[in-house]
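Here the structure comes first, spelled out in structure tokens, and everything after it is commentary.
Indexing begins at 1, ligand by ligand and atom by atom, following the structure's order.
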Amino acid sequence: MSPGRDLRLGVGDLLSRSGTRREVIRELTMPELEVSGSSVPAGATARLDLVVESTADPSTLAVTGTVVAPWQGTCRRCIEPIEGDLEVELHEIVARDPLDEEVWALDGEEIDLGSMVREALLLALPLAPLCSDDCRGPAPEQFPAVPAEDAPASVAGPPDDEPRLADPRWAALDELRFDD
Ligand SMILES: [Zn+2]
């Protein structure tokens, strides 16, 4: 079976009988999913290993399992390309009348698994990937890659003892004196 582009799963049987479940093991072709630092390339194959099961509530189903898809990106320190597999665990609830945004809506007697998978992958893509945890960047001597927590608290603006450049527009303010 060649991977499809969309995946809508009929779940009428699961809704009408509690204690039922169905495995969904298949491949799904992805459109490009992109965030600022990385993407799942267009046409990539996501591998789904999911279980859809009924719950105590006859209008609610649970979807759990894993989705694995290839991703690629650019190391934020050395700008080298990176690629790998993105593995996402799904723990989703689908309800006929979703009461909050975390819950997916049933579409009639179907679940839109394709949208669920695409959103999960999109949220899992790294925004600022590293080729390795100890990547030191292209020129570590010149531009040390200091972890954020070790960086000085403030690096903005000149030190206080350096004279500021006078801006003529602020000259009038400089004339003002405030009594202590
Ligand atoms: Zn790197």
Side-chain angles (χ1 to χ4, degrees), residues 1-9 21-53 61-94 98 100-105 107 111-165 167:
M1 188 170 60
S2 66
R5 288 203 162 266
D6 213 345
L7 179 51
R8 304 183 66 79
L9 189 72
R21 53 186 270 146
R22 186 183 307 151
E23 288 189 338
V24 180
I25 297 174
R26 54 170 292 169
E27 297 183 333
L28 197 59
T29 303
M30 292 291 106
E32 183 176 48
L33 304 172
E34 189 174 27
V35 297
S36 69
S38 60
S39 66
V40 172
T45 299
R47 301 192 302 280
L48 282 54
D49 186 348
L50 302 174
V51 171
V52 183
E53 55 193 327
L61 298 173
V63 180
T64 54
T66 56
V67 175
V68 180
W71 71 283
Q72 58 192 27
T74 304
C75 175
R76 71 169 185 261
R77 288 188 191 147
C78 67
I79 332 262
E80 290 293 324
I82 329 170
E83 55 182 36
D85 275 343
L86 198 61
E87 181 168 338
V88 189
E89 291 220 12
L90 247 60
H91 298 277
E92 305 291 341
I93 299 292
V94 189
D100 69 68
E101 294 175 359
E102 305 284 294
V103 176
W104 291 83
D107 186 1
I111 296 178
D112 182 0
L113 273 184
S115 295
M116 191 183 285
V117 164
R118 289 190 291 273
E119 183 178 303
L121 288 171
L122 200 55
L123 289 173
L125 277 167
L127 295 171
L130 283 175
C131 62
S132 71
D133 283 341
D134 54 2
C135 173
R136 299 183 64 210
E141 305 306 321
Q142 226 178 331
F143 306 106
V146 183
E149 60 265 30
D150 296 341
S154 171
V155 292
D160 284 341
D161 55 355
E162 223 169 79
R164 290 168 191 277
L165 288 176
D167 181 328

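Annotation for E32: atom CD counts as buried by contact number, over 12 foreign heavy atoms lying within 6.0 Å.
Partners of D49 under the side chain to side chain donor-acceptor pair (under 3.5 Å) rule, at least two apart in sequence or in another chain, do not exist in this structure. Residues that satisfy the side-chain contact (heavy atoms from CB on, under 4.5 Å) test with D85, not counting sequence neighbours, are R47, V68, P70. Every residue two or more places apart in sequence or in another chain was checked for a side chain to side chain donor-acceptor pair (under 3.5 Å) with R21, and none qualifies.
Formation of a donor-acceptor pair under 3.5 Å by the S38 side chain with backbone atoms of P126 is found in this model.
Across all their heavy atoms, R77 and D133 have their closest contact at NH1-O, 3.8 Å.
Near the Zn ion (ligand 1), less than 2.8 Å away, sit the protein N, O or S atoms C75 SG, C78 SG, C131 SG, C135 SG.
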